[in-house]
There are 2 protein chains.
Amino acid sequence: MSELLTLFTRAHKLLRAEADEAMSRHGVRVGQNLVLAVLWETDGLTPGELAARLRLTTPTIVNTATRMEEAGLLTRMRDPADGRLVRLYLTERARAAQHPVEEERRRLEERATATLTDEERRHLRTALVKIIEELSPGQVAP
Amino acid sequence: MSELLTLFTRAHKLLRAEADEAMSRHGVRVGQNLVLAVLWETDGLTPGELAARLRLTTPTIVNTATRMEEAGLLTRMRDPADGRLVRLYLTERARAAQHPVEEERRRLEERATATLTDEERRHLRTALVKIIEELSPGQVAP
DNA sequence: CGGCGGTCATTAGCACGCAAACGAATTCCT
DNA sequence: AGGAATTCGTTTGCGTGCTAATGACCGCCG
């Protein structure tokens, strides 16, 4: 039986559900927190740039951005120099959510790996990196 | 930074994409292969029973079953003894897909962990089990 | 300068998860 | 026996991912 794939799926689902619940307490859904993480670092990126950094497709970012706009987390502005581009800027609410959301993320990771030793955590990390490297033709970088 | 969560998400996405591509070669989408795996073992279960075994919600199974019915993978039959129940039965096509799909699953797992030693694989497995145990209040069982 | 190809974002449509609301059938409890 | 409560499946609507098709805009090239 394909033990590992099954366990992987279950662990991922649990982690994602916990993350969504935790983020939702601060008005951020789990898929939005990735976009936020990038914009907290570099505000005013375009959907395409965000997609590249997050390894998602542009349509995914566009749809997420629309929901985030409706939720008052960001605003769209056409680039004055290049009318094809749209730049996404965080609102005050989005900036205010940074520390709470980052804290939730940190706490979840800590909780999920609470019963692992430091060595086991390192093993897990290297195993994940190896899997990613094996399946993704190329870089593992950031 | 929450390294582990990020790595986990990326690895899961890659695994899922590969799995979907592999299964699709045999007319089965990645979400359907889980339903199939259970029905290959025990045909004629109800959506509720399947949901319980797969730890998914009943609506998810119902919708997946509808798509599988349209794809000619299963048929719905009302239980003659209890009119609330619907039983899902595999078609010949679904049974024919068993060996190819199981083989794809096995190959994917093998490929993903190709650069891991047996010991690393065991480490990964126990780490996943611990995470699941930590986040899911109760059983890790089947 | 005027069209043409390339580069964007967006829209549409699908898969697959969830929760909540609904309707049908059974079971339980007077 | 007959109404109330429970147990099912289904429908609906949302979030998050994808691909393919569309449309706006820029830059280049003749």
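Quick note: numbers below take in every heavy atom, side chains included, and nothing from hydrogens, waters or symmetry partners. Per chain, numbering begins at 1; letters A, B, ... match sequence-line order.
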Quiz prompt | B/Thr57 side chain near C/dC18 phosphate (N/O to OP1/OP2, under 4.0 Å) | solution = yes
Practice problem: Would you indicate which nucleotide in D/dT16, D/dT12, C/dT10 comes nearest to any side-chain atom of A/Gln32? | Solution: D/dT16
Exercise. Mind checking B/Thr66 for me? I need base, sugar-phosphate or nothing, with any heavy atom below 4.0 Å counting as a touch.
Key: nothing
Practice problem: Check whether any side-chain nitrogen or oxygen of A/Thr60 sits under 4.0 Å from OP1 or OP2 of D/dC18, and answer yes or no. | Solution: yes
Self-check item: Earlier contact from the 5' end, DNA chain D, for A/Asn63 and B/Arg76
Solution: B/Arg76
Quiz item: Between atom CZ in A/Arg55 and atom C1' in D/dC18, what is the gap in whole Å?
Solution: 17 Å
Quiz item: Do B/Lys130 side-chain atoms and A/Leu116 backbone N/O form a donor-acceptor pair below 3.5 Å?
Solution: no
Quiz item: So, A/Thr117 side chain and A/Glu120 main chain: donor-acceptor pair closer than 3.5 Å or not?
Solution: yes
Quiz item: With nearest nucleotides of DNA chain D determined for A/Val30 and A/Ala81 from heavy-atom distances, which residue corresponds to the more 5′ nucleotide?
Solution: A/Val30
Quiz prompt | Atom pair distance, as rounded to whole Å: NE2 in B/His12 and P in C/dC16 | solution = 12 Å
Self-check item: Interatomic distance, B/Leu50 CG vs D/dT10 P [rounded to whole Å]
Solution: 12 Å
Exercise. Would you indicate, yes or no, if C/dC16 has its OP1 or OP2 atom less than 4.0 angstrom from a side-chain nitrogen or oxygen of B/Arg67?
Key: yes
Quiz item: Quick one: A/Asp82 CG to D/dG27 C1', roughly how many Å, whole number?
Solution: 10 Å
Quiz item: So, is A/Thr46 near the phosphate of C/dA9, with a side-chain N or O under 4.0 Å from OP1 or OP2?
Solution: yes
Exercise. Tell me which residues in residues 83-95 of chain B put a heavy atom below 4.0 Å from DNA chain C, sorted by number, or none.
Key: B/Gly83, B/Arg84
Quiz item: Can a side chain N or O of A/Lys13 be found less than 4.0 Å away from OP1 or OP2 on C/dC18?
Solution: yes
Self-check item: Selection from D/dT10, C/dG17, C/dA9 that lies nearest to any side-chain heavy atom of B/Thr58
Solution: D/dT10
Quiz item: Which pair of non-hydrogen atoms, one from A/Met23 and one from A/Arg29, has the smallest distance, and what is that distance?
Solution: CB-C, 4.4 Å
Quiz item: Atom CZ of A/Arg78 to atom P of D/dG23: distance rounded to whole Å?
Solution: 15 Å
Quiz prompt | B/Thr9 and B/Thr6 side chains, donor-acceptor separation under 3.5 Å | solution = no
Self-check item: Exercise: do A/Thr46 and A/Arg87 side chains pair donor with acceptor under 3.5 Å
Solution: no
Practice problem: Scan A/Arg16 against the nucleic acid and name what it touches under 4.0 Å (heavy atoms): base, sugar-phosphate only, or nothing. | Solution: sugar-phosphate
Self-check item: Among A/Leu50, A/Leu34, A/Val35, A/Leu88, side chain to side chain contact (heavy atoms under 4.5 Å, CB included) partner for A/Thr64
Solution: A/Val35
Quiz item: Separation of A/Glu69 atom CD from C/dA9 atom C1', in whole Å?
Solution: 13 Å
Quiz prompt | Check: B/Pro47 main-chain N/O paired with B/Thr58 side-chain donor or acceptor under 3.5 Å | solution = no
Self-check item: Closest to side chain of A/Val62, choosing from D/dT19, C/dG17, C/dA9
Solution: C/dA9
Quiz item: What's the CG-P distance between A/Leu54 and D/dC18, to the nearest Å?
Solution: 10 Å
Practice problem: For A/Ile61, answer base if it contacts any base atom (sugar-phosphate contacts may also be present), sugar-phosphate if it contacts only those atoms, and nothing otherwise; contact means non-hydrogen atoms under 4.0 Å. | Solution: nothing
Exercise. Assess whether atom CZ of B/Arg93 is packed by more than 12 heavy atoms of other residues, nucleotides or ligands within 6.0 Å.
Key: no
Quiz prompt | Length of the line joining B/Leu15:CG and D/dG17:P, which is rounded to integer Å | solution = 16 Å
Quiz item: What nucleotide among C/dC18, C/dA12, D/dG15 has an atom nearest to a side-chain atom of A/Arg29?
Solution: D/dG15
